[in-house]
J.: 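Can you read through this structure? Questions will come right after.
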Amino acid sequence: MSNEKPYRRVVRHLTTGFAAVLVFLALIVPDQIFRLPPGNSVFTALLRVPVEALIAGVILLLLPDRGRLGRVRRPLAATLGALLGLLTVVKLIDIGFFAVLARRFDPALDWILVDDGFNFLTDAVGKPAAIGAAAGAVVVAVVLVAGMTWAVLRLNGVLGANRPGQRRTWAVRGLSAVTAAWVALAALGTQLIGGIPVASHTAAELAAHTALALPNDLRDRKRFAEEVAVDAYRDRPADQLLTGLRDKDVIISFVESYGRDALENPQFNGAVLDSLTANSARLTEAGFAARSGYLTSSTAGGGSWLAHATFLSGLWIDNEQRYRSLVSSDRLTLTRAFGKSGHRTVGVEPGITFAWPEGQFYGYDHIYDSHTLGYNGPAFSWSTMPDQYVMSAFQKLEYAKRDRNPGRLLAEVTLTSSHTPWAPVPSMVDWDAVGDGSVYGPMVANAESPQNLWKQSDRVKSEYARSVAYSLDSLLGYLTRYADDDMVMVFLGDHQPAPVVVGQNATHDVPITIIAKDPKVFDRIASWGWSDGLKPAPDAPVWRMDTFRDRFLAAYGPEGDPH
């Protein structure tokens, strides 16, 4: 009879149960758990059978406690526990990536985003809290690895081959029954919710994805090099490029986080629709017309530079490796094409706060960044300056210059006021009052802080929409105030906002619009099937963003001449 005291027996059973639950959860919780339908789906997702536990259990049962093989048993269990702990850390990062960027973490390429994540937290909750969160994440990672190692070692002791015969027999029978159930469930393809199989292999799949990240990225690098080499427009003579826009000033503008949901999601689209309605009336009165469609962005929730590169290069840029390879190439971008056709090309980039050598790749004659736009006002969280100021500065620095060549200007303008954390949102002021930006000082001083806004999830959505409406008012208001008859504007969203606004299952679609007074501009794209006006119809064409460059160059080249 055992002399073990009752309270020790209770503690032993509780710790063993805790270890079992810890390992079970680490194995079966999906990295897309926030994509499950609302209700009891999260709890239902726990009703799964992890094959990894069965395999490890069989191995540990077969290994003896003593002898030559016995010496392997405990180190093997510790290694399995440490690996499971590391995989759990990766899974938590995946969950965060799906929540913010709607995709998995790439362990070979995504470390560069750590700074962006920290800056986002700083804007949303303040620097002290961001530092605390970063430190907490490191502590959680260490505790998870150590705790999972302990848990597997604890279960290894329970499964010891030299345990009393009855206990070992029950362990063998239990594993056999669960294994048979897993095989049956896998063969039947049984699913409970959200398309997640009951016969789970989540940890094995995650391990394979993590282990294969580097070789997959190496293969993608080779594929991308082949894609870059294929370019129908690289050697096109200058006099055969953009002939349909030879006498037009063109603005290509990216509106930060302007996604399809900003137009179609009834939870928060009111402010954006009101802006488009009001601006449409003013543009029509000024003699402008518009056509709109949708593009599928290569990113979501963030990574604007990937979308910009995709749109301007005609190549699918969805990760940092492709981006770095692209900007090291001689790919013909839309901006370079305009330059070859005789336009002066300028980049208006208020979000650039440091050296930006990539500007040379895009082919700008001149770049105006946050240091050279003449702004003398406060920052609006991440956004260094309001969009209305950016457009006003563009007017003064380029469009209104007396010595410029009319019909020979291409400006790529990036608007940032609708960037996270969507607080504070600027208000429109009289264009004559914009000045050097000091007018915005009281606006920021009296505004709500991002930290307070992000405590209210519903208001985050409404303020996101309000920020997009402000960006549209700034951009379209500039047209009605300053543009002449030869102006053509192309504006689009770079990506959908974070899933905190649009949910986990939103598309990657963004609106795109072309505005002009000259009907000949629209004659060249009549075959595109785009909708009249600033808002694309629900059934408007949806193209991948990387296809736009070639379609645009064809439409406004010699082959697109309707006559």
J.: Could you go through K520 and F522, starting from their C-alpha distance and side-chain angles, then the distance that decides it, and tell me whether this counts as side chain to side chain contact (heavy atoms under 4.5 Å, CB included)?
T.: CA-CA 5 Å; K520 294 178 182 177; F522 301 113; over 6 Å; no
J.: Can you classify the ring geometry of F254 versus F311 as parallel (below 30°), tilted (30 to 60°) or perpendicular (above 60°)?
T.: perpendicular
J.: Looking at residues at least two apart in the chain, or sitting in another chain, which of them share a salt bridge (charged side-chain N to carboxylate O under 4.0 Å, His left out) with R466?
T.: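 R466 satisfies salt bridge (charged side-chain N to carboxylate O under 4.0 Å, His left out) with E463 only.
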J.: Quick one: salt bridge (charged side-chain N to carboxylate O under 4.0 Å, His left out) partners of D365, sequence neighbours excluded?
T.: none
J.: Between R336 and D330, is there a salt bridge with N-O shorter than 4.0 Å?
T.: no
J.: Quick one: salt bridge (charged side-chain N to carboxylate O under 4.0 Å, His left out) partners of R322, sequence neighbours excluded?
T.: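 For R322 the salt bridge (charged side-chain N to carboxylate O under 4.0 Å, His left out) partners, ignoring immediate neighbours, are D220, E227.
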J.: Does any part of the side chain of W454, heavy atoms only, come nearer than 4.5 Å to the side chain of W422, both counted from C-beta?
T.: yes
J.: Keeping the roles fixed (side chain from N452, backbone from E448), state whether a donor-acceptor pair exists under 3.5 Å.
T.: no
J.: Side chains of L334 and L553, heavy atoms from C-beta outward: is any pair under 4.5 Å?
T.: yes
J.: Tell me whether the rings of W528 and W543 are parallel (<30°), tilted (30 to 60°) or perpendicular (>60°).
T.: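 Geometry flag for W543 against W528: perpendicular rings.
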J.: Start with the C-alpha gap between L415 and Y258, add the side-chain angles, then the distance that decides, and say whether side chain to side chain contact (heavy atoms under 4.5 Å, CB included) holds.
T.: CA-CA 10 Å; L415 300 183; Y258 177 39; over 6 Å; no
J.: Okay, side chain of S381, backbone of A423: is any donor-acceptor separation there less than 3.5 Å?
T.: yes
J.: Donor-acceptor pair, S418 side chain versus E256 backbone, under 3.5 Å?
T.: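 Pair found, side chain donor or acceptor close to backbone of E256.
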J.: Are a donor atom and an acceptor atom from the side chains of D484 and Y399 found within less than 3.5 Å of each other?
T.: yes
J.: Are S417 and S471 close enough, and set up right, to give a side chain to side chain contact (heavy atoms under 4.5 Å, CB included), and what steps lead you there?
T.: CA-CA 6 Å; S417 290; S471 294; 4.0 Å; yes
J.: Taking atom types as modelled, is there a side-chain donor on Q496 or D261 under 3.5 Å from an acceptor on the other?
T.: yes
J.: Can a side-chain donor-acceptor contact be found between T345 and H343 if the only test is distance below 3.5 angstrom?
T.: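 Looking only at side-chain atoms, T345 and H343 do not form any donor-acceptor pair under 3.5 Å.
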J.: Taking the side chain as every heavy atom from C-beta outward, state whether K340 and Q240 have any pair of such atoms under 4.5 Å apart.
T.: no
J.: In terms of ring plane angle, is the pair Y440 and Y375 parallel, tilted or perpendicular, where the classes change at 30° and 60°?
T.: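 Y440 and Y375: tilted rings.
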J.: Going by distance alone, is a donor N or O of one side chain under 3.5 Å from an acceptor N or O of the other, for W305 and E320?
T.: yes
J.: Given 3.5 Å as the limit, does a donor-acceptor pair link the side chain of N376 with the main chain of S438, or not?
T.: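 It does not hold such a pair.
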J.: Does the side chain of T513 pick up a donor-acceptor pair with the side chain of S292 at under 3.5 Å?
T.: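 Looking only at side-chain atoms, S292 and T513 do form a donor-acceptor pair, the distance falling under 3.5 Å.
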J.: Under the side chain to side chain contact (heavy atoms under 4.5 Å, CB included) criterion, do T416 and F380 qualify, and how do the steps go?
T.: CA-CA 10 Å; T416 62; F380 283 69; over 6 Å; no
J.: Establish, from distance only, whether the side-chain atoms of Q395 and Y478 form a donor-acceptor pair under 3.5 Å.
T.: yes
J.: Using the six-membered ring of Y294, assess whether NZ or CZ of R260 lies under 6.0 Å from its centre and within 45 degrees of the ring axis.
T.: yes
J.: Under a 4.0 Å threshold between the charged nitrogen and the carboxylate oxygen, would D486 count as salt-bridged to K517?
T.: no
J.: Test of understanding: with side chain to side chain contact (heavy atoms under 4.5 Å, CB included), list the residues that count as partners of I367, not counting sequence neighbours.
T.: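 Only E349, W356, Y364 meet the side chain to side chain contact (heavy atoms under 4.5 Å, CB included) criterion with I367.
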J.: Ignoring hydrogens and angles, state whether a donor on the side chain of T333 or T335 is under 3.5 Å from an acceptor on the partner side chain.
T.: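 There is such a pair (donor and acceptor under 3.5 Å, judged by atom type) between the side chains of T333 and T335.
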J.: Ignoring hydrogens and angles, state whether a donor on the side chain of S257 or H419 is under 3.5 Å from an acceptor on the partner side chain.
T.: no
J.: For residues 268-276, please give each side-chain donor-acceptor pair under 3.5 Å, one per line with the distance, not counting sequence neighbours.
T.:
residue, atom, partner, partner atom, Å
N269, ND2, L263, O, 2.9
S275, OG, N279, ND2, 3.2
S275, OG, D473, OD1, 2.7

J.: Looking at residues at least two apart in the chain, or sitting in another chain, which of them share a salt bridge (charged side-chain N to carboxylate O under 4.0 Å, His left out) with D436?
T.: none
